[in-house]
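Both counts, for ligands and for their atoms, begin at 1 and track the order of listing.
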Amino acid sequence: MITLNEFIIEKQHDFPEANGELSSLLGSIVLASKIVNREINKAGLVDIIGSTGIENVQGEQQQKMDLFANDVFKRALAARGEVCGIASEEDDQYVVFDNKSGANNKYVVLMDPLDGSSNIDVNVSVGTIFSIYRRVSQRGDPTALEDFLQKGNQQIAAGYVVYGSSSMLVYTTGNGTHGFTCDPSLGEFYLSHESIKIPESGYIYSINEGNYLMFPAGIKKYIKYCQEIDNKTNRPYTSRYIGSLVADLHRNMLKGGIYMYPSTSNYPKGKLRLLYECNPMAMIIEQAFGSATDGKTRILDLKPTTLHQRVPFICGSTKMVEFLQTMLS
Ligand code: P6P
């Protein structure tokens with residue numbers, strides 16, 4: 001039974017030049033996720049569910065838990081002192097740590113502190129998503145927007161926490177994707193899924209079919225394909241969609257499947273955010289031998305232009321993603 005912190009330290013030795021800063025940064029994320037996990041597990045008992053009545057930069061109703069999680073992760077990252085800046089789904093602008101030590105730090109973190117938070121009130125799994133880069137601006141200078149607008153293929157680490165029937169932290173530093181399950185009696189994450197490999201194909205498709213009439217023709221064609229009787233299984237595919245990206249992607253990564261959030265008339269560029277949802281999830285899924293595209297281009301190769309930009313997002317089992325793309329071209 002190896003703990004997450006032991007695993008992080010052990011894997012640090014994979015990077016000869018590592019001097020513990022990334023391990024320390026990951027440790028602050030682990031600490032914050034334990035605090036958020038504790039509050040989510042008793043959300044119905046304390047005044048922390050429901051909306052704040054404030055609309056966030058995304059134009060969505062900010063949930064009380066969104067603000068709580070955002071604050072916990074930012075304070076944990078600031079306290080550990082390894083980052084020079086943070087960008088969050090919940091904040092319009094990125095946060096700069098410009099005190100003397102902050103300006104000398106070499107990492108930036110982008111995060112969706114609580115994805116799918118509207119599900120909390122009905123006890124459906126939610127998640128945290130994070131992405132870590134080395135800054136490109138000069139150490140000692142103020143953190144710059146360019147530090148955050150890097151291609152996803154420049155990430156040095158990415159991960160998510162799924163607060164579900166059990167809570168898991170799944171992350172990669174580019175040497176495979178590994179999963180850790182929280183033992184609530186100890187509040188400790190233990191290695192439970194080393195080197196996750198998504199089945200190269202599967203029979204689960206995840207999409208909000210309520211938007212069917214708004215989908216591009218190729219997506220409609222693929223959904224109809226999934227609903228035909230498959231000659232191997234003699235049944236149609238299974239539709240599984242719970243409206244929580246982390247939970248939907250986590251299930252599909254373990255069982256095989258495809259998640260789609262294409263462009264619609266409500267979201268002409270897609271709904272999901274490139275920097276702190278699609279890029280980290282794409283790195284995680286690719287390190288588990290899956291694929292992630294916007295329907296044409298590999299997600300990790302997209303050049304970001306704005307902090308909160310949205311992209312169409314298709315990810316999961318490689319053969320399923322590749323087959324869908326033949327219907328989109
Ligand atoms: P819809 C949650 O708000 C989220 O960002 C993802 O977690 C989820 O997959 C998607 O949006 C759900 O969106 O439009 O289907 O409710």
Partners passing side-chain hydrogen bond (donor to acceptor under 3.5 Å, both in side chains) against D66 (at least two apart in sequence or in another chain): S117

Heavy-atom side-chain proximity of L169 to T181 below 4.5 angstrom: no

Can you tell me which residue pairs pass the ring-ring contact (aromatic ring centres under 6.0 Å, His included) test with a partner in residues 286-321, sequence neighbours excluded? Y276-H308

Ring centroids only, cut at 6.0 angstrom: are Y160 and F130 within range, meaning strictly under it? no

Extract all N/O-N/O pairs under 3.5 Å that connect ligand 1 to the protein, and present each with both atom names and the distance rounded to 0.1 Å.
unit_1   : atom_1 : unit_2 : atom_2 : d
ligand 1 : 3 (O)  : K271   : NZ     : 3.4
ligand 1 : 5 (O)  : D115   : OD1    : 3.4
ligand 1 : 7 (O)  : D115   : OD1    : 3.3
ligand 1 : 7 (O)  : D115   : OD2    : 2.5
ligand 1 : 7 (O)  : L245   : N      : 2.7
ligand 1 : 9 (O)  : L245   : N      : 3.3
ligand 1 : 9 (O)  : Y259   : OH     : 2.7
ligand 1 : 11 (O) : K271   : NZ     : 3.0
ligand 1 : 13 (O) : K271   : NZ     : 2.9
ligand 1 : 14 (O) : Y261   : OH     : 2.6
ligand 1 : 15 (O) : N208   : ND2    : 2.9
ligand 1 : 15 (O) : Y241   : OH     : 2.5

Take the angle between the ring planes of Y241 and Y259 and call it parallel below 30°, perpendicular above 60°, tilted in between. parallel

Hey, can you pull the donor-acceptor pairs under 3.5 Å for the side chains in residues 206-216, sequence neighbours left out?
unit_1 : atom_1 : unit_2 : atom_2 : d
S206   : OG     : R240   : O      : 2.6
S206   : OG     : R251   : NH2    : 2.9
S206   : OG     : N252   : ND2    : 3.1
N208   : OD1    : G210   : N      : 2.9
E209   : OE1    : Q227   : NE2    : 3.2
E209   : OE2    : Y205   : OH     : 2.9
E209   : OE2    : S239   : OG     : 3.3

